Amino acid sequence: MQAIILAAGTGSRLKKLTGGSSKSLVEVGGRPLILHTLEALADHGVGPVLVVVGHEAEAVRAVIGDRAETLLNDRYAETNSLYSLWLAREWVKGPFVLLNCDLFFDPAVLDRLLEEPGNVLAYDSTSSRGREQTKVAIKQRRVVDIGKDLPAASARGESLGMLKFDEDGARAMLATADHLIGDGHEQAWVIEATRAVCGQLPVYGVNVAGMPWTEIDFPYDLDVARREVWPAIWKGRWRRQVYWRRTRWLAAGAAALVLGLSG
């Protein structure tokens, strides 16, 4: 399964902290944000990966190295995320995962997304009240509407900006992007195409409430990522590593005992 990471934007709301560098390069846990995402995708066998770059493209490419392919949106200053996805339309060959570069998440979130069949959108049912939040309306697990303009009362949670499309979903998403761009909506967000696709075929929501994640738009979000989300992710990773070490040695000991008893 392929993956596309949208990373062309300027991240202007973080400029005071980043000095104007790409949002995908902000450091969390001592590493650029983009590397956390690429590592999670690689660990789950998702690839090849395409990163659509724009602002500070060469700096982003230098960090990515050979971990992913890149595609330049040289009109990033006058377009938006839907245009970046549209540029990648020829690269997509089938099912794919779509992510925003400003999403910082526990890899377990990706587990939940990939284990669900069909077209899937990750959402958090504990978050849907902010004006900047992309809210989702869900009925019988199916996403029936999505947008920042949704009334909070009708929302079931906030979209993380992480989606998985099967072959039919991929075709519908890219065809919708092509139609919107053809109609002159170059400044539209990916969310507008997602909204349209939800009316064309089933897109199911997977609730990841309780799992560590944050979208990094503002300085406060970056602080939350460093102070709360990363420690929670690292704690879970450390526990898994310790558990594996312990069970590995227990398994080895049990095998040696069986071999010894059997002569």
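Because the structure is predicted, anything quoted here is derived from the model rather than measured. Below, each value reflects all heavy atoms present in this structure, side chains not excepted, and no hydrogens, waters or symmetry copies.
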Notebook entry, point to check: Has Lys235 got its NZ or CZ under 6.0 Å from the middle of the six-membered ring of Trp230, at an angle within 45 degrees of the ring axis?
Noted result: no
Can the positive tip of Arg75 be found less than 6.0 Å from the middle of the six-membered ring of Tyr83, inside 45° of the ring normal?
-> yes
Distance alone, cut at 3.5 Å: any donor-acceptor contact between the side chains of [X] and [Y]?
X: Trp213; Y: Asp106; value: no
X: Thr176; Y: Gln200; value: yes
X: Thr79; Y: Asn73; value: yes
X: Thr70; Y: Arg61; value: yes
X: Glu69; Y: Trp91; value: yes

Indicate the atoms forming the closest heavy-atom contact of [X] with [Y], along with that distance.
X: Leu82; Y: His185; value: CD2-O, 4.2 Å
X: Val109; Y: Val208; value: CG1-CG1, 4.0 Å
X: Glu56; Y: Ser21; value: CG-CA, 4.0 Å
X: Ala137; Y: Ser154; value: CB-O, 3.6 Å
X: Ala88; Y: Ile4; value: CB-CD1, 3.9 Å
X: Ala3; Y: Val46; value: CB-CG1, 3.7 Å

Q) Mind checking whether His36 and Phe104 have parallel, tilted or perpendicular rings, split at 30° and 60°? A) perpendicular
Is there a path of hydrophobic side-chain contacts, each under 4.5 Å between heavy atoms, that joins Leu113 and Val49?
yes
If two hydrophobic side chains count as joined below 4.5 Å and joins carry through other members, does Val26 share a cluster with Leu38? no
Tested for side-chain contact (heavy atoms from CB on, under 4.5 Å) against Val53, the lone hit among Val60, Leu71, Leu6 is Val60
Only one of Asp149, Leu121, Ile191, Asn100 passes side-chain contact (heavy atoms from CB on, under 4.5 Å) with Thr134, and that residue is Ile191
May I ask you to say whether Arg226 pairs ionically with Glu27, meaning some side-chain N is under 4.0 Å from a carboxylate O? no
Salt bridge check: are Asp217 and Lys23 linked by an N-O gap of less than 4.0 Å? yes
[X] (side chain) donor-acceptor with [Y] (main chain) under 3.5 angstrom:
X: Arg141; Y: Tyr204; answer: no
X: His179; Y: Ala175; answer: no
X: Asn207; Y: Ala209; answer: yes
X: Arg227; Y: Val224; answer: no
X: Lys135; Y: Lys148; answer: yes
X: Thr214; Y: Ile216; answer: no
X: Asn119; Y: Asp166; answer: yes
X: Ser81; Y: Val190; answer: yes
X: Asp183; Y: Leu180; answer: no
X: Asn80; Y: Ala188; answer: no

Near Gln187 CD, under 6.0 Å, is it more than 12 heavy atoms from other residues, nucleotides or ligands? no
- Message: Could you go through Leu99 and Leu41, starting from their C-alpha distance and side-chain angles, then the distance that decides it, and tell me whether this counts as side chain to side chain contact (heavy atoms under 4.5 Å, CB included)?
- Response: CA-CA 11 Å; Leu99 308 98; Leu41 291 169; 4.2 Å; yes
